[in-house]
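Chain A is the first sequence line, chain B the second, and so forth, proteins listed ahead of strands; every chain is numbered from 1.
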Amino acid sequence: MNAPISDDFATTLLAWYDRAGRHDLPWMHPRTPYRVWLSEIMLQQTQVQTVIPYFERFIATLPTLPALAAAPQDDVLALWSGLGYYARARNLHAAARLCVEQHGGDLPRDLEALIALPGIGRSTAGAILTQAWGDRFAILDGNVKRVLSRYHGIGGWPGTPAVEKQLWRLAQTHLPRERLADYTQAQMDFGATLCTRHDPACVLCPLQAKCAALSDGRVAELPTARPSKPIPERHAVVLLAEDAQSRVLLQKRPAVGIWASLWSLPEAGDHDAARDWFGRHLHGDYDNAEALAPIAHAFTHYRLQLQPLRWRGLGLRNLVHDNGDLRWVAREDLVKLGLPAPIRKLLLGVAQNP
DNA sequence: AAGACGGGGTT
DNA sequence: AACCCAGTCTT
């Protein structure tokens, strides 16, 4: 199956992009491979308006790929702090170091070589190659899945391999011969601003005459939603220990699991475990704790209830101090570390209410 | 094939 | 409260 010489879908989308698309996003000026890559990683599962301030801060601090490669992981995670999906930051960092070792400090201009880097899958590789160099590759992100599902009337959850394979084939078929960077951006903008999940602006849509979902009255039900599952709830106690200088005791989380490699408060599964941890690490009276307001934090796959307990004027037991994963941190140094969003919020709140 | 992985926004 | 979003990685 060969792509048509001139695809009406792509031509129409490009014309729409010229008058209604976004042409001034921060990573477009200048549009370098490194900036495109960083933006695409940040944009995975995250919307443009959320990404922009993080991108600006990140690129101002680490303006080049070699600068990223040379940075400590804690600095990279601090720049990512609050954006979520922290594996993206760890993979980005590792990939930058691989580029320095294997590709002369540049991002490779090759689909398979890009996919071989951690954090870059087929869609992100295509987005990088089209936007950085204008090469001819397809993308298949959430926007494109939604647009193609509707335009072609494709049912079935796009997360299933059969549906995804079909969508990839259609995405490939529609590729224009020219203006690949604009075409990639056009699809994203079209999905994000016109062909939205809820209440798409079909009345304004330049593809309305050929949209299968619109003519069949199936716009609202395509693409098929992910099967829903019950969300479990988990509870934990977090220990907010302060020393005589009001520094906070932080612990680096393990390299795997939720909030991997971020700095957080010491955490225990329940009060017995919290008391045990306190006794082994700190001088003072566990029962002298001040119970702060519980924190509710929602993830995609579970809900977390955190009970913060606060002590002041504590010291570490001599034998446990500083094996690398425990650290007293001054208030003003919190911004230098990668903290989970709810922990950062808690610590900033405590700082304002001493 | 299914689950893990964050946080913010929308409805 | 449920669902969604510029996905990728692990098992």
Give the table of side-chain donor-acceptor pairs shorter than 3.5 Å for residues 197-207 of chain A, with sequence neighbours excluded, one pair per line with atom names and distance.
unit_1, atom_1, unit_2, atom_2, d
A/Arg197, NH2, A/Pro223, O, 3.1

Donor-acceptor contacts, no H, no angles, side chain residues 61-69 of chain A, under 3.5 Å, sequence neighbours left out:
unit_1, atom_1, unit_2, atom_2, d
A/Thr61, OG1, A/Arg57, O, 2.9
A/Thr64, OG1, A/Ala67, N, 3.1

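Rounded to whole Å, the separation between the P atoms of B/dC5 and C/dA1 comes to 23 Å. Rounded to the nearest Å, the gap between the P atom of B/dG8 and that of C/dC9 is 24 Å. Spacing between C/dT11 and B/dG6 at atom P, rounded to whole Å, works out to 15 Å. The separation of B/dG9 from C/dT8, taken at their P atoms, amounts to 23 Å, rounded to a whole angstrom.
Remark: A/Trp168 pairs with no residue by the ring-ring contact (aromatic ring centres under 6.0 Å, His included) rule, at least two apart or across chains. With sequence neighbours excluded, the residues that form a ring-ring contact (aromatic ring centres under 6.0 Å, His included) with A/Phe190 are A/Trp16. A/Arg275 meets the side chain to side chain donor-acceptor pair (under 3.5 Å) test with A/Asp287; sequence neighbours excluded. In terms of the ring-ring contact (aromatic ring centres under 6.0 Å, His included) criterion, A/Phe137 has no residue partners (sequence neighbours excluded). In this structure A/His152 satisfies the ring-ring contact (aromatic ring centres under 6.0 Å, His included) test together with A/His174, sequence neighbours excluded. With sequence neighbours excluded, no residue forms a side chain to side chain donor-acceptor pair (under 3.5 Å) with A/His103.
Summary of the strand contacts: A/Arg22 and A/Asn91 both lie near DNA chain C, and taking for each the nucleotide with the nearest heavy atom, the more 5' one is attributed to A/Arg22.
A/Lys345 comes within 4.0 angstrom of nothing in the nucleic acid, heavy atoms only. Here A/Leu92 lies out of heavy-atom contact (under 4.0 Å) with every strand. At a threshold of 4.0 angstrom between heavy atoms, the contacts of A/Ile120 are confined to the sugar-phosphate backbone, with no base atom among them. Residue contacts for A/Gln185: at a heavy-atom cut-off of 4.0 Å it reaches a base atom on one of the strands shown. A/Ala127 comes within 4.0 angstrom of nothing in the nucleic acid, heavy atoms only.
Aromatic pair A/Phe58/A/Phe55: ring centres not closer than 6.0 Å. Checked against a 6.0 Å centroid threshold, the rings of A/Trp311 and A/Tyr286 count as neighbours.
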- Message: For nucleotides 5-11 of chain B, give me one character per nucleotide, 5' to 3': B if any protein heavy atom sits under 4.0 Å from the base, S if the only such contacts are to the sugar-phosphate, - if neither.
- Response: BBB----
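Pairs engaging residues 115-126 of chain A under the side-chain hydrogen bond (donor to acceptor under 3.5 Å, both in side chains) rule: A/Gln44-A/Thr124 [sequence neighbours left out].
Of all the residues in residues 141-168 of chain A, A/Pro161 reach under 4.0 Å from DNA chain B with at least one non-hydrogen atom.
Within the structure, a side-chain polar atom (N or O) of A/Lys229 is placed less than 4.0 Å from OP1 or OP2 of B/dG3.
Once you apply a 4.0 Å limit to the heavy atoms of chain A, the touched nucleotides of DNA chain C run 5' to 3' over C/dC3 to C/dC9.
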